[in-house]
Amino acid sequence: MTIHGISPDVLAALERVLGQSGVAADAAGMARYLGDWSGDHHGGALAVLKPASVAEVQAAVRLCGTLGLAMIPQGGNTGLVAGAIDIDTSRSAVVISLERLNKIRLVDADNLILQADAGCILQHIKDAAESQDCLFPLALGAQGSCQIGGNAASNAGGVNVLRYGMARDLIVGLEVVLPDGELWSGFSGLRKDNRGYDLKQIFIGSEGTLGIITGVEVKLFPKPGRVETAYLGLASFEAAITLFRQARRGCSDLISAFEIIGSECMELARLVDPNIVAPVTAPVHVLIELSSSAAIDLRTLLVDFLAGAMEKHLVTDAVLAESGAQAKVFWTIREGLVEGQAKRGYHVRTDLSVRISDIPTLIAQARQFVALEHPGWFPQAYGHAGDGNIHFNVLPPLDLAEPESRARGTEITAGLYDIVNALGGSISAEHGIGRTRQRVYWAGLSPVHRRLVGTLKNAIDPDGLMNPGCLFPSTETVS
């Protein structure tokens, strides 16, 4: 006899390790762990395990290894590539949620270091840093629900990569439960430590395929005392990239964000808030932010720079935020268009990366491809222009049935990947590989790259129980 696919003996063994509150094996209790934020991906599991301590994570991993159960580590479940959901429901797998490991362990304002449990929500980390007059600059649309362990495992990006780098650049140390249940701690608080291999980098971006991150040690920065934000209108994406090149020189390293938005995206933001009005009227919108913790007159710097850009007819319109509240409204537009796409329903979602100078070419070729090969579909171009990351998404006609939309969407995605590959770019700038991109990722690796990745996986997880199907296609051998 089984209970929702899990035998009573296995369920009892799991409950002995984690307690009844640490195991969910009924459909209602597991439901929210088996679907992602987008609603595009759904999976299955024998049970959801919710350890409340690092020791319980170790015990759960050891028991799962003994029972031969695959383990799917899960943070806030805000990913977009099914990295934390097992869409192969035929597998004997459990989800291991880190949500109960949610404490801030240390905030050291003198050394600008913060330590937290992996299940700590990103916004709580940002708040803890701010309470000590510090900044943790990782900034994502999902920061109110994503977890720092997931941010590390997926090497999260966001709007501040231009200045502060990816999650990889912000992490000082990790604590990881290995596939055999052993605990490796790389916490030291050291900014410089050149003793051989930097092991934390192996686990950052590994998407739970090499172990379960249980703790993260991150860099803090002095909290900016001055922030200036402007919303700009430009005639083209070429003009936007020219403006960015000039801004990098004219505003130095004080730029913390440089976002570009095609005007076609505004309709999506209004699906979230019908009262949203774009501050400018132009084919391309740019959101630029400068920040400093020092006594620098950012306002004058930004005004003078934009005045010069307008004299050269590079910028056609500009609105400077007169308050923090107005700046927040500007950012609401950027965040709202993402939520609006999800609200509209299924759509092709990409996360492309090219050299910054190739951004206009990427967008032009992608738009032409959609117009010629898939008329009636609606392209949306926006992203983090300062680091070459463009989200070129495509919405189906409203009257197209979802099964056909998804079939056509697969074709569109393949065509967009062909374009970005021809430009020497990447199919994943910040979202990761997960299960939705693993085949194209694996197929694109050179034989040497495959061998190195496979050797690492086999050495650390020889039984292949850590997040199988993620990164590596389930049917592939990685030897």
Side-chain angles (χ1 to χ4, degrees), residues 139 141 157-164 227-270 276-291 298-299 301-322 326-338 340 352-364 366-367 379-393 429-430:
V159 298
N160 288 335
V161 172
L162 168 61
R163 181 161 176 182
Y164 297 102
V227 179
E228 294 291 343
T229 309
Y231 199 104
L232 316 176
L234 292 88
S236 66
F237 286 106
E238 288 84 357
I241 298 309
T242 299
L243 180 71
F244 172 70
R245 283 198 297 266
Q246 295 183 5
R248 284 306 303 263
R249 296 181 182 276
C251 301
S252 188
D253 292 329
L254 298 172
I255 306 174
S256 50
F258 192 97
E259 298 287 302
I260 59 174
I261 304 169
S263 59
E264 70 276 3
C265 298
M266 290 304 303
E267 290 186 27
L268 296 170
R270 293 190 188 101
I276 284 180
V277 177
V280 300
T281 301
V284 175
H285 301 185
V286 167
L287 188 53
I288 183 172
E289 181 181 274
L290 275 58
S291 61
L298 292 182
R299 184 77 171 187
L301 177 65
L302 184 56
V303 167
D304 289 348
F305 170 73
L306 293 177
M310 294 186 81
E311 286 178 5
K312 299 172 185 175
H313 306 290
L314 194 56
V315 173
T316 60
D317 198 2
V319 179
L320 273 71
E322 297 297 336
Q326 189 176 14
K328 187 175 181 180
V329 170
F330 292 170
W331 281 108
T332 297
I333 295 172
R334 171 62 178 84
E335 295 162 2
L337 67 92
V338 178
L352 309 175
S353 176
V354 292
R355 289 176 291 274
I356 295 170
S357 59
D358 286 335
I359 286 175
T361 301
L362 169 66
I363 294 174
R367 282 178 166 175
Q380 313 284 314
Y382 63 96
H384 319 302
D387 54 43
N389 180 191
I390 296 298
H391 301 294
F392 191 92
N393 297 348
E430 61 181 358

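Values in this document were obtained by computation on a predicted structure and should not be read as measured data. These values consider heavy atoms only, across backbone and side chains, with no hydrogens, waters or symmetry-generated copies.
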- Could you walk me through whether Ile359 and Phe244 pass the side chain to side chain contact (heavy atoms under 4.5 Å, CB included) test, one step at a time? CA-CA 12 Å; Ile359 286 175; Phe244 172 70; over 6 Å; no
- Query: When you look at Asn389 and Val161, which way does the side chain to side chain contact (heavy atoms under 4.5 Å, CB included) test go after all the steps?
  - Reply: CA-CA 10 Å; Asn389 180 191; Val161 172; over 6 Å; no
- Can Leu268 and Gln380 be said to form a side chain to side chain contact (heavy atoms under 4.5 Å, CB included), step by step? CA-CA 9 Å; Leu268 296 170; Gln380 313 284 314; 3.1 Å; yes
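Inter-residue side-chain proximity for Leu287 and Val159 is flagged as unmet; no heavy-atom pair is nearer than 4.5 Å. Between Gln246 and Leu314, the closest side-chain pair of non-hydrogen atoms falls below 4.5 Å. With a 4.5 Å cut-off on side-chain heavy atoms, Leu320 and Val303 count as touching. No side-chain heavy atom of Leu290 sits less than 4.5 Å from a side-chain heavy atom of Phe305.
Distance check: Phe258 CZ to Leu162 CG gives 9.0 Å after rounding to the nearest 0.5 Å. The CG atom of Leu298 sits 9.0 Å away from atom SG of Cys251, with the distance rounded to the nearest 0.5 Å. Taken from CD in Glu259 to CD1 in Ile333, the straight-line distance is 12.5 Å, to the nearest 0.5 Å. Note that the CZ atom of Arg248 and the CG atom of Leu243 stand 12.5 Å from one another [nearest 0.5 Å]. The line from CG of Leu362 to CZ of Phe237 is 10.0 Å long, rounded to the nearest 0.5 Å. A distance of 11.5 Å separates CD1 in Ile288 from CD in Glu228, rounded to the nearest 0.5 Å.
In this structure, Asp253 and Arg163 approach most closely via the heavy-atom pair O-NE, 3.4 Å. Heavy-atom minimum distance, Ala240 versus Ile260: CB-CG2, 4.0 Å. Shown here for Ser291 and Val227, the closest heavy-atom pair between the two residues is CB-CG2, 4.0 Å. The two residues Pro279 and Phe330 come nearest to each other via the heavy atoms CG-CE2, 3.6 Å. Nearest heavy-atom pair, Ser256 versus Asn160, reported as atom, atom and distance to 0.1 Å: O-OD1, 3.1 Å. The nearest pair of heavy atoms linking Leu232 to Leu234 is CB-CD1, 4.0 Å.
More than 12 heavy atoms of other residues, nucleotides or ligands lie within 6.0 Å of CD in Glu238, so this atom counts as buried by the packing criterion.
Between His391 and Tyr382, the angle of the ring planes lies from 30° to 60°, which puts this pair in the tilted group.
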